[in-house]
Amino acid sequence: MKKIVFILTVFITLGIQAQTPEERGLQIAKAAEQADLGFNSSTVHLKMTLKNKNGQTSERSLTTKTLELNEDGDKSLIVFNSPKDVKGTSTLTFTHKVGSDDQWLYLPSIKRVKRISSNNKSGPFVGSEFAYEDLSSQEVEKYAYKFIEEKGSLLVVEQDPVDPKSGYTRRLVTYNKDKGYRFEKVEFYDRKNALLKTLLYSDYKIYKNKFWRAGTFIMKNHQSNKETILKFSDYNFDANLSEEDFTQVALKRS
């Protein structure tokens, strides 16, 4: 029996070693996607803190709704609740596995829905260090992959955007394979392949015994020395949202 187990272990090890960095990178991305399937829909409240290069801060509150779709990318709706100058501003995102995402911005001051051009997806989201393309769900088809290194339970994978209109040449994503392949860190490189931003995930909690969600995002812009902090609270995975909650009518109504 010991001999059989040893032989099987050798074969498994050889199989892993035989993978190319591209194959292993893709395998990790698929494992992460599989680990998060089945949440259906969710809502969450956020506090956004904007910090400028001098350390001065301003705060905003917002709500995010998300609808999981298996045949295509997820849909999300973000609504700002305060302060007064951004209250009612909302963004609707339809992520697509193939091709450019569809995004719309509602501005209550002019009572208009504005479509966000795919050429502008690298622009800042309502003055934050997050770009509009950062709002899209993580779909495997959006990137080409290359495994970089393994450090204990952490796996580092390079992701190169397929979309030529992306504001990034590549991302370095750190996964935690022992915690549902959740993200621990993402490094974003600009079109000149210089490090632009780093996103750190912390204060994780697990919901419904499966879905890992970070309580804190910290996005640091290394080129401007600005920072955006997101604090998440009151996750609800029993919202029972439908596609009717993610339309341009719903965008204006929000």
Side-chain angles (χ1 to χ4, degrees), residues 9 12-13 15-42 44-48 64 66 68 70 73-74 76 95 97 129-131 133-162 166 168-189 195-222 227-237:
T9 302
I12 291 170
T13 302
I16 293 173
Q17 290 176 344
Q19 283 184 309
T20 66
E22 290 76 15
E23 289 171 339
R24 190 171 183 197
L26 177 60
Q27 180 188 57
I28 292 167
K30 286 183 175 179
E33 180 181 65
Q34 186 65 35
D36 201 54
L37 287 179
F39 70 88
N40 297 321
S41 66
S42 67
V44 64
H45 297 293
L46 297 91
K47 182 175 77 172
M48 174 186 283
T64 297
T66 305
E68 181 183 41
N70 295 325
D74 297 347
S76 65
T95 304
K97 294 184 177 183
E129 298 314 303
F130 289 84
E133 66 179 298
D134 299 334
L135 307 181
S136 301
S137 58
Q138 302 296 319
E139 305 300 329
V140 170
E141 293 84 356
K142 285 188 167 295
Y143 301 93
Y145 299 89
K146 183 178 180 181
F147 174 73
I148 302 299
E149 62 178 333
E150 181 171 356
K151 297 180 287 187
S153 64
L154 302 181
L155 305 171
V156 181
V157 176
E158 181 180 298
Q159 301 182 347
D160 298 345
V162 174
S166 171
Y168 310 120
T169 52
R170 60 191 177 105
R171 311 189 317 172
L172 286 181
V173 178
T174 300
Y175 298 85
N176 190 326
K177 67 178 180 180
D178 292 343
K179 301 291 185 179
Y181 286 89
R182 70 191 194 191
F183 283 14
E184 300 290 348
K185 180 173 69 171
V186 180
E187 295 173 277
F188 301 82
Y189 289 79
L195 179 61
L196 174 61
K197 303 183 296 188
T198 298
L199 176 58
L200 296 176
Y201 300 74
S202 60
D203 303 324
Y204 267 103
K205 290 183 180 179
I206 191 168
Y207 296 86
K208 292 184 174 291
N209 297 315
K210 181 180 181 182
F211 308 114
W212 288 98
R213 293 294 183 270
T216 304
F217 286 10
I218 300 177
M219 181 73 91
K220 173 71 174 181
N221 189 313
H222 301 286
E227 191 172 281
T228 298
I229 302 167
L230 296 179
K231 292 282 188 179
F232 298 78
S233 62
D234 301 322
Y235 262 109
N236 179 11
F237 287 90

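Everything quoted here is computed from the prediction, not taken from an experiment. Throughout, residue positions are numbered sequentially from 1 according to the sequence presented.
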Looking at side-chain heavy atoms only, is the closest gap between [X] and [Y] below 4.5 Å?
X	Y	value
T64	F232	no
L195	Y189	yes
F130	L230	yes
I28	Y145	no

Practice item. For V156 and K151, run side chain to side chain contact (heavy atoms under 4.5 Å, CB included): C-alpha distance rounded to whole Å, both residues' side-chain angles, the deciding distance at 0.1 Å, then the answer. Key: CA-CA 8 Å; V156 181; K151 297 180 287 187; 4.2 Å; yes
Name every donor-acceptor pair, under 3.5 Å, that has one atom in a side chain of residues 31-38 and the other anywhere in the protein, sequence neighbours excluded.
| unit_1 | atom_1 | unit_2 | atom_2 | d |
| --- | --- | --- | --- | --- |
| D36 | OD1 | R213 | NH1 | 2.8 |
| D36 | OD1 | R213 | NH2 | 3.4 |
| D36 | OD2 | R213 | NH2 | 3.4 |

Answer yes or no: does atom [atom1] of [X] have more than 12 heavy-atom neighbours from other residues, nucleotides or ligands under 6.0 Å?
X	atom1	result
K30	NZ	no
K177	NZ	yes
K97	NZ	yes
K185	NZ	no

Check your understanding: Is the F237 ring parallel, tilted or perpendicular to the F211 ring (thresholds 30°, 60°)?
Key ->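 Rings of F237 and F211: parallel, as their planes differ by under 30°.
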How far does [atom1] of [X] sit from [atom2] of [Y], to the nearest 0.5 angstrom?
X	Y	atom1	atom2	value
E184	Y204	CD	OH	5.5 Å
L26	E141	CG	CD	9.0 Å
L155	I148	CG	CD1	11.5 Å
T169	D160	OG1	CG	7.5 Å
N70	N40	CG	CG	8.5 Å
H222	L196	NE2	CG	8.0 Å

Review point. Which one of V186, T198, L200, D134 satisfies the side-chain contact (heavy atoms from CB on, under 4.5 Å) criterion with M219?
Key: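 Result: among V186, T198, L200, D134, D134 is the only option passing the side-chain contact (heavy atoms from CB on, under 4.5 Å) with M219.
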Point to revise | Side-chain donor/acceptor of E68 to backbone N/O of F39, under 3.5 Å | key: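 Yes: the side chain of E68 pairs with the backbone of F39.
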Exercise for review: Taking T95 for its side chain and S137 for its backbone only, find out whether a donor-acceptor pair lies under 3.5 Å.
Suggested key: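 Confirmed, T95 side chain pairs with S137 backbone.
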**Study point:** For E129, all residues meeting salt bridge (charged side-chain N to carboxylate O under 4.0 Å, His left out), sequence neighbours excluded
**Key:**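 In terms of salt bridge (charged side-chain N to carboxylate O under 4.0 Å, His left out), with neighbours along the sequence ignored, E129 is linked to no residue.
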**Study point:** Residues in salt bridge (charged side-chain N to carboxylate O under 4.0 Å, His left out) contact with E158, at least two apart in sequence or another chain
**Key:**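 Checked E158 against salt bridge (charged side-chain N to carboxylate O under 4.0 Å, His left out); matches are R170.
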**Study point:** Set of residues satisfying ring-ring contact (aromatic ring centres under 6.0 Å, His included) with respect to Y175, sequence neighbours excluded
**Key:**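 For Y175 the ring-ring contact (aromatic ring centres under 6.0 Å, His included) partners, ignoring immediate neighbours, are F183.
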Point to revise | Partners passing ring-ring contact (aromatic ring centres under 6.0 Å, His included) against Y168 (at least two apart in sequence or in another chain) | key: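 Listed in chain order: F188.
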Point to revise | Check: T66/D74 side-chain N/O donor and acceptor closer than 3.5 Å | key: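 Short answer, no.
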Review point. Looking at residues at least two apart in the chain, or sitting in another chain, which of them share a side-chain hydrogen bond (donor to acceptor under 3.5 Å, both in side chains) with S166?
Key: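 S166 satisfies side-chain hydrogen bond (donor to acceptor under 3.5 Å, both in side chains) with E133 only.
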Exercise for review: Step by step, work out the side chain to side chain contact (heavy atoms under 4.5 Å, CB included) result for R182 and Y201.
Suggested key: CA-CA 9 Å; R182 70 191 194 191; Y201 300 74; over 6 Å; no
Review point. Stepwise, does the side chain to side chain contact (heavy atoms under 4.5 Å, CB included) test hold for Q19 with F147?
Key: CA-CA 10 Å; Q19 283 184 309; F147 174 73; over 6 Å; no
Review point. If every non-hydrogen atom of V44 is compared with every non-hydrogen atom of L46, which pair is closest and at what distance?
Key: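 Between these two residues, the closest heavy atoms are O-CD1, 3.7 Å.
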Point to revise | Minimum-distance pair of heavy atoms, taken over all atoms of V140 and A29 | key: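 The pair with the smallest heavy-atom distance is CG2-O, 3.8 Å.
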